[in-house]
Amino acid sequence: MKKISYSKDVDALLIEISNDAIAYAEEDGQVILHYSPDDKLVLVEILDFRRFMSKESVADMLAV
């Protein structure tokens, strides 16, 4: 993994897996998967993160 970040403004957890360019994305409920032109996973977005995870998990992740 390259980087994990949280966007408080939109309540989304972003998990960057590579620096490849993003060609397209697929959405499945609260998760958006972004892929490169050669179909490699580049970025994972988890929307409504605070609702998706328990309060304890959110506190632990944001404390790190």
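With hydrogens and angles disregarded, a donor-acceptor distance shorter than 3.5 Å links the side chain of Q30 to the backbone of L47.
I4 and V44 fall within a single hydrophobic cluster, where Ile, Leu, Val, Met, Phe, Trp and Tyr side chains are chained together by heavy-atom contacts under 4.5 Å.
Distance check: L43 CG to K2 NZ gives 13.0 Å after rounding to the nearest 0.5 Å. In this structure, CG in L41 is found 9.5 Å from NE2 in H34, a value given to the nearest 0.5 Å.
Below 30°, between 30° and 60°, or above 60°: for Y6 and F49 the angle between ring planes is between 30° and 60°, a tilted geometry.
In plain terms, the two heavy atoms of A23 and S36 that are nearest each other are CB-C, 3.7 Å. Between A21 and V42, the shortest heavy-atom distance links the atoms O-CG2, 4.1 Å.
The only member of L14, V31, L13 that meets side chain to side chain contact (heavy atoms under 4.5 Å, CB included) when paired with E45 is L14.
Residue pairs satisfying the salt bridge (charged side-chain N to carboxylate O under 4.0 Å, His left out) criterion with at least one member in residues 30-40, sequence neighbours excluded, are listed as follows: D38-K40.
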Exercise for review: List the steps, then state whether side chain to side chain contact (heavy atoms under 4.5 Å, CB included) holds for D28 with L33.
Suggested key: CA-CA 8 Å; D28 184 13; L33 304 173; over 6 Å; no
